[in-house]
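Worksheet: the structure to be examined is printed underneath.
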Amino acid sequence: MKDKQLSVRAIKEGTVIDHIPAPALFKVVSILKLDTLDTMITIGNNLGSNKLGKKGIIKLSKVFFKDDEINKISLVAPCAKLNIIKEYDVVEKRVVEIPDEIIGLVKCVNPKCITNNEKVNSRFDVVSKTEVKLKCHYCEKITDQDNIDII
Amino acid sequence: MKNKSLVSITDFTKEEYLRILELAAGFEAKPRQDILKGFVISTLFFEPSTRTRLSFETAINGLGGRVIGFSDSGATSASKGETLHDTIKMVSNYADLIVMRHPLEGAARLASEVSSVPIVNAGDGANQHPTQTLLDMYSILKTQGTLDKQKIFMVGDLKYGRTVHSLLQAMSLFNPTFYFISPEELKMPQAYKLHLEKMGLNFHEGKDLTEFLPEADIIYMTRVQQERFTDPIEYERVKNAYILRREMLEDCKPSMKVLHPLPRVNEIHTDVDASPHAYYFDQARNGVYVRMAILSSILGIK
């Protein structure tokens with residue numbers, strides 16, 4: 001018998017989002033709008049991780065994401081890993097990828113940008129992915145990694 | 001270019017720049033034509049800019065078009081809290097084209113997305129002012145006979161000056177060499193220097209205005225503003241170092257021209273005005289022809 005116990009109970013079918021940096025866990029919850037789901041969700045945070053120190057994990061029963069949906073979390077959890085579960089088995093592993101365009105998710109760093117002054121979705125072209133740099137579609141200013149503020 | 005908004009200088013291609021400049025030369029030769037007769041163009045100036053507005057309205061009037069609009073948002077529904085979105089939706093019912101100036105950056109892009117008629121950006125905060133760039137290019141073409149391989153000095157506030165940034169972007173398609181002369185605090189931002197490096201273009205950077213002036217084809221002056229400095233002592237130290245005086249131009253090429261987007265405060269000494277190198281007032285006149293070219297090509301007349 002195993003002497004280790006799983007920190008969070010396994011699921012039969014659905015998606016596990018692992019390796020979320022602990023401080024970003026609730027941002028991931030809000031970006032993916034998990035508060036609107038009525039299926040079973042298990043959220044763990046501040047779990048031990050060799051890589052991240054403390055990590056968060058989200059297990060979503062009967063939920064599967066499309067790429068463009070899940071890629072939205074790449075800004076706050078760039079090394080998050082997805083396990084797709086069927087019949088308690090991992091049938092697919094995925095990583096998140098920063099998309100080429102980001103709409104309505106990040107606040108433009110420029111206080112004089114129209115998107116910070118009028119009701120309009122922010123919109124950015126991702127001009128660099130290694131060190132994230134977002135170019136505002138409207139004011140053309142760059143919002144960089146350190147200034148990314150999730151709406 | 002028909003029905004295409006002009007929001008950012010990068011919205012147009014090199015071929016489109018050249019087409020506008022060619023049309024502008026036609027309007028300079030024949031500045032009174034009735035080709036905009038029957039057209040209504042709206043000039044929406046959410047912040048005052050007398051110079052730019054008069055230039056556009058002169059262009060429209062010269063071509064027989066009609067103008068509706070305002071020159072200060074204080075007298076409009078914007079002061080009652082109407083959104084830009086709603087103002088543009090409303091005005092695009094009335095006019096064939098909208099020229100707009102707005103204090104917020106990105107306002108013109110947003111307008112172009114909600115408007116049913118084309119938008120010409122006449123300045124959105126510190127972001128873009130593409131018709132200024134095209135008139136700068138026209139002035140370079142007219143005085144130097146070509147846009148290619150120019151040695152262009154940009155002097156003064158290179159950090160915040162939108163005119164120098166847009167001119168750099170547009171002229172970088174014509175194999176120029178740039179000389180950036182500014183105080184330390186107001187240097188050309190890294191992003192623009194990277195852009196030049198990517199395009200394989202040479203540039204020089206320095207603090208001393210006089211050092212390489214004899215090489216210049218164009219000197220593009222901008223104003224060093226006191227409010228840009230965190231340290232007022234630093235401003236006092238550098239403020240006189242970026243004033244162009246006539247005696248500095250003695251060894252310059254005879255064809256060299258001094259440009260300035262205006263208004264000038266003191267960065268070009270008035271003794272330069274009488275010099276054959278001074279071109280800033282002619283440059284402003286060129287703006288009318290260039291705006292005629294932009295309006296008539298977007299309206300599909302030329």
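Treat the numbers as computed from the prediction; the structure is a model and nothing was measured. Proteins come first, then strands; the chains are lettered A, B, ... in the order of their sequence lines, and each starts at number 1.
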Pairing residues for K187(B) by the salt bridge (charged side-chain N to carboxylate O under 4.0 Å, His left out) criterion, not counting sequence neighbours: E184(B)
Please table the atom pairs, donor to acceptor, closer than 3.5 Å between any side-chain atom in residues 101-112 of chain B and protein atoms at least two apart or in another chain.
| residue | atom | partner | partner atom | Å |
| --- | --- | --- | --- | --- |
| R101(B) | NE | A122(B) | O | 2.6 |
| R101(B) | NH2 | S49(B) | OG | 3.2 |
| R101(B) | NH2 | T52(B) | OG1 | 3.2 |
| R101(B) | NH2 | A122(B) | O | 3.1 |
| H102(B) | ND1 | L104(B) | N | 3.0 |
| E105(B) | OE1 | N110(A) | ND2 | 2.5 |
| E105(B) | OE2 | A126(B) | N | 3.0 |
| R109(B) | NH1 | D11(B) | OD2 | 3.4 |
| R109(B) | NH2 | D11(B) | OD1 | 3.1 |
| S112(B) | OG | R109(B) | O | 2.7 |

Okay, side chain of S49(A), backbone of K54(A): is any donor-acceptor separation there less than 3.5 Å? no
Distance col, row I88(B):CD1 vs L44(B):CG, nearest 0.5 angstrom, shows 5.5 Å
Structural part of K119(A) lying under 4.5 Å from a heavy atom of chain B: neither
Any side-chain heavy-atom pair from R123(A) and K135(A) closer than 4.5 angstrom? no
Residues of residues 78-109 of chain A under 4.5 Å from chain B (heavy atom pairs)? none
The criterion is side chain to side chain contact (heavy atoms under 4.5 Å, CB included); which residues satisfy it with P189(B), sequence neighbours excluded? H165(B), Y192(B)
